[in-house]
Each structure stands twice: as C-alpha cells, then as structure tokens.
Amino acid sequence: MEFINRLSEASHLSQITSDLLLDVPGEFDLGILYVCPWPPYDPLELFQALKAKGKIRHLICCTCAGIIGTEREIEGRPSASLMLMRLPQVKITPFVLNQPVLETLKVKEDWYNFLEVYPNEKPSFVVFADPFAFDGNSFLAGLNQAYPGMPIVGGLASAASGPGENVLILDGELMNEGLVGVCLSGNLRVETVVSQGCRPIGETFIVTKAQRNIVYELAGQPFYKVLEDILNKGTDYDRHLAHEAIFVGIAMNEYKDKFVRGDFLIRGVMGLDPQSGAGAVGDHMRVGQTIQFHLRDAKTANEDLHELLKQYKTKKQDTVAHGALVFSCNGRGINLFKEHDHDIKIIQHHLGPVPAAGFFCAGEIGPVGGINFLHGFTNSMALFYPQ
C-alpha cells in the first residue's frame, strides 16, 4: 500500500500536470484530485491531462475553495492537490449518484443492488457531493442503514456560490450536481478522527419534552431557562461566544457514566423563544436524549484537534498510517485561526510523517459514535492502514 501527494500552483496546464505527476512512475489504483478551479485550473482539462499522462485506473475530481496537501494548505487561489494510491488486494467500486436515483434507494437491498457491495465485505466509503441539488443527509441515512458501522468520509464541493457551478468528475464522467464516490473493501482498514472544535459548558441534561427539532424542556425545565442559568454561571467570554453562536452536543451513547471529547454530535441552536422557553436545534431531537451545551472559537477548535489526535495516537502506539485524507470546513483555515497550514501542521505533529491530501469543504462527512453524519466547522480525516 502506497500513498503519494503532489501540489501545484503553476500557471500553465502542462506545468500543473508535471507538478502533480512529479517522480510518480508506475501505475496507481486510485487518484483523488482537488482543484480550486479559477484559470488556469480548468478541472476537466486537468483531469483529462492527468488521465492521458498518468497511469491511474480510477480518478476522482472535486472542485473546492482551498486545497490541502501533506505539508500545506492553500486557500482562495488557483491550486490543485492530487493523492495517488496503490492499493493491492483492494476492491474499488466507483459510483455516481444524483437526486432522482437517490430517491429510488429506499431499503437496504436497493443499496446492495445499486453498488453490488455487501456488508460482509466491510466496505469504507469516500464521497464528494454538491451541496445545492443533492440531499446529503438522506444519502448518509441510507448508507448507515445498509452498511452499519462502516465509515463514510468526504465533503461537499465548495468552489461555487450557486447550483450547477461545482464540478465533480469520476473516470471521465462530469457532473455539476449529485455525488461521486468510491467504495473500498479488501486489504484495507480505514480509521477516522472527527474534530468538531467545541468545548462543553455546564452539565449534561436529559431531554424531557421535544418535537421534531424543537426542544421544550431539559430535565423538566424550559430549554431557554436551563441555557440562561448555565450562561449566568459562566464567564464573560462564555457569554460573548454564546452571543455569536451556541451549540448542543447530543450524546451518541446515553448510557455512559462520563462523557468526553468525541462522545457528542455537535449541532447548532438555530433559534430561541424566551416566551415559550423552547429552542430550535439543527437536528431531529427526541425525549430521553442526553445533551450538553457547547461553545466554539479558534482556541477551542485548536485544543480539540490536538486532544483528539493525541488520544488517537496513544491508542495506536507504534502503528503508522500509510496515508490520510483530510476534510476541513472552509470556515476554518486562515479565517478562523489567523495562520496558514493550521490543521495539517497539527495532524503531522501527532501522526506524521504521513502523505495527506484533502480540501476545504462546504460541509464535512465523518462518523461520530459509529454513525456517519454531515458536519459543519469540522475537521474530518480518514487514516488508511493495511488490513
């Protein structure tokens, strides 16, 4: 198993192609290309040039607002990052999906027939989707049901401000909506780390009254009053952050005695009604769930990524990943941390040296508590090992 990453910021197609294929002789089973598609980076031309000059069996392309490489992050300017993979004894199943076809995949058997991949193969998925005309949450719900416990990683294309402007390409098939992806099974193990960049405040509470995405009561008290009491006991800085945005962490295992980083799925509080005491949350809520309020800022996001990778490395001991795919929110990077290469430096500090590639997403995909979700403001990474 071998992973090789190359970047380019060149201004001519021939030089871009040469940069991305520099010192990479031989054949590759899979290539993933991330492109910031301003001139001179025409995604289709670059895709075709790489296919013509490189021996890449399957090649995927996704356009984005910024690219990530092994040592660098390049945001908001023409650039490309290519990850090349040699995956011996790995079954690679490429697939494309649009919204009309997605709506026909209603039960597990529909997914098995569509992909011709089965749960006993223990597949992992890498996917890229357009955020405008494709229901990513329904897609993830379908795969979660059909392949429980199997990791799905990737992100939403971020190069466009409106429908039809993103570019997704799989083995020469170009799409401006929908999803492209690969299913990987066989001599390969994919592990994930998902940093949601938040810290908890206050204590945990049980949801005692809720309907759809509206929470009315926590532990028998109005949602709004519980939040108000927590913030009154917090610091001035807590209240400042809460004024910007407040989040709830939904415990993925309600039976744990103690909750730590990674135990919560983070969702935003979308609205508050002081009169009724209710709060609207960015996900479906139900009675009996355990939640805890969370806050997010650059310092917290930095600490969260460091801590999760430190915990992961402690569990892995001497094992080293052969490659990494990194999907970071386009609200992170220089916008949040006020420094270049923030996330990739931390990843290499804890896990490196490891070949890495990825992009700044309009939404990140990765598992929390063994279930795959679409996230925001997250760094979601996949780490690849031989089986």
Side-chain angles (χ1 to χ4, degrees), residues 193-210 213-254 256-283 285 289-312 328-339 342-343 345-346 349-350 364 368-369 375-380:
V193 178
V194 178
S195 173
Q196 299 177 87
C198 284
R199 64 174 169 88
I201 56 169
E203 56 192 283
T204 59
F205 294 88
I206 304 295
V207 176
T208 51
K209 186 178 180 182
N213 72 319
I214 307 298
V215 180
Y216 294 96
E217 292 181 1
L218 300 174
Q221 298 293 313
F223 181 94
Y224 183 87
K225 182 180 186 305
V226 172
L227 174 58
E228 189 176 45
D229 290 345
I230 288 172
L231 292 177
N232 286 338
K233 295 174 185 176
T235 65
D236 288 340
Y237 188 58
D238 288 343
R239 287 185 283 274
H240 167 74
L241 291 180
H243 181 74
E244 298 292 325
I246 186 76
F247 304 86
V248 296
I250 306 168
M252 300 308 296
N253 181 354
E254 298 152 13
K256 293 189 72 171
D257 294 326
K258 183 179 180 181
F259 297 99
V260 297
R261 290 180 189 271
D263 288 339
F264 293 98
L265 173 66
I266 303 299
R267 290 295 187 248
V269 175
M270 315 304 292
L272 294 165
D273 182 4
Q275 186 171 356
S276 69
V281 176
D283 209 331
M285 303 297 295
Q289 287 179 308
T290 298
I291 73 164
Q292 188 169 15
F293 289 102
H294 282 68
L295 298 171
R296 176 186 283 144
D297 64 354
K299 181 173 181 288
T300 295
N302 177 75
E303 290 174 352
D304 190 62
L305 185 56
H306 269 294
E307 186 60 31
L308 285 172
L309 290 173
K310 191 186 302 180
Q311 291 175 10
Y312 180 82
S328 187
C329 178
N330 56 14
R332 292 173 69 100
I334 193 70
N335 292 320
L336 181 63
F337 300 109
K338 311 306 178 188
E339 64 175 90
H342 177 275
D343 284 3
K345 283 181 180 177
I346 295 176
H349 172 76
H350 290 284
E364 307 76 56
V368 175
H375 307 277
F377 290 95
T378 294
N379 183 298
S380 177

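We use all heavy atoms of the structure for the numbers below, so side chains are in, but hydrogens, waters and symmetry mates are not.
- Side chains of Leu336 and His342 form no contact here, defined as non-hydrogen atoms less than 4.5 Å apart.
- Annotation for Leu308 and Ser195: closest pair CD1-CA, 3.5 Å, computed over non-hydrogen atoms.
- Within 6.0 Å of atom CZ in Phe377, 12 or fewer heavy atoms from other residues, nucleotides or ligands are found, so the atom counts as exposed in its surroundings.
- With Glu364 contributing its side chain and Thr378 its backbone, the two residues share a donor-acceptor pair below 3.5 Å.
- One finds the NZ atom of Lys310 at 8.0 Å from the NE2 atom of His349 (value rounded to the nearest 0.5 Å).
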Return a table of donor-acceptor pairs under 3.5 angstrom between the side chains of residues 216-233 and protein atoms on other chains or two or more places apart.
{"residue": "Lys225", "atom": "NZ", "partner": "Asp229", "partner atom": "OD2", "Å": "3.0"}
{"residue": "Asn232", "atom": "ND2", "partner": "Glu228", "partner atom": "O", "Å": "3.2"}

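- Using cut-offs of 30° and 60° for the angle between ring planes, the Phe259 and Phe264 rings count as tilted.
- Contact annotation: the side chain of Ile250 approaches that of Met285 to within less than 4.5 Å [non-hydrogen atoms, C-beta and beyond].
- Side-chain N or O atoms of Asn253 include none that pairs as donor or acceptor with a backbone N or O of Asp263 at under 3.5 Å.
- We find the CD-CZ distance between Gln196 and Arg296 to be 7.5 Å, quoted to the nearest 0.5 Å.
- Here the side chains of Glu339 and Asn302 are not in contact, with every heavy-atom distance at 4.5 Å or above.
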Would you give me the side-chain donor-acceptor pairs under 3.5 Å for residues 266-280, sequence neighbours excluded?
{"residue": "Arg267", "atom": "NE", "partner": "Asp283", "partner atom": "OD2", "Å": "3.1"}
{"residue": "Arg267", "atom": "NH1", "partner": "Leu374", "partner atom": "O", "Å": "3.3"}
{"residue": "Arg267", "atom": "NH2", "partner": "Leu374", "partner atom": "O", "Å": "3.0"}
{"residue": "Asp273", "atom": "OD1", "partner": "Gln275", "partner atom": "N", "Å": "3.1"}
{"residue": "Asp273", "atom": "OD2", "partner": "Ser276", "partner atom": "OG", "Å": "2.9"}
{"residue": "Ser276", "atom": "OG", "partner": "Ala278", "partner atom": "N", "Å": "3.3"}

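- Atom CG of residue Leu241 and atom CZ of residue Phe247 lie 9.5 Å apart, to the nearest 0.5 angstrom.
- A distance-only check finds no donor-acceptor pair linking the side chain of Asp304 to the backbone of Ala301 [under 3.5 Å].
- Using a distance-only test at 3.5 Å, with no hydrogens or angles considered, a donor-acceptor pair links the side chain of Asn213 to the main chain of Val281.
- Gln292 contributes a side-chain N or O that, together with a main-chain N or O of Gly202, makes up a donor-acceptor pair within less than 3.5 Å.
- Heavy-atom contacts from other residues, nucleotides or ligands closer than 6.0 Å to NZ of Lys256 number more than 12.
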Check your understanding: Should Val215 and Gln289 be marked as a side chain to side chain contact (heavy atoms under 4.5 Å, CB included) after you check the CA-CA gap, both sets of side-chain angles, and the distance that decides it?
Key -> CA-CA 11 Å; Val215 180; Gln289 287 179 308; over 6 Å; no
Review point. Can Leu295 and Thr300 be said to form a side chain to side chain contact (heavy atoms under 4.5 Å, CB included), step by step?
Key: CA-CA 8 Å; Leu295 298 171; Thr300 295; over 6 Å; no
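- The distance from atom CD1 of Ile346 to atom CG of Leu305, rounded to the nearest 0.5 Å, is 4.5 Å.
- The backbone N or O of Gly234 sits less than 3.5 Å from a side-chain atom of Arg239, completing a donor-acceptor pair.
- If you take NE2 on His306 and NE2 on His350, they are separated by 5.0 Å, rounding to the nearest 0.5 Å.
- Side chain of Arg199 to backbone of Asp297: no donor-acceptor contact under 3.5 angstrom is found.
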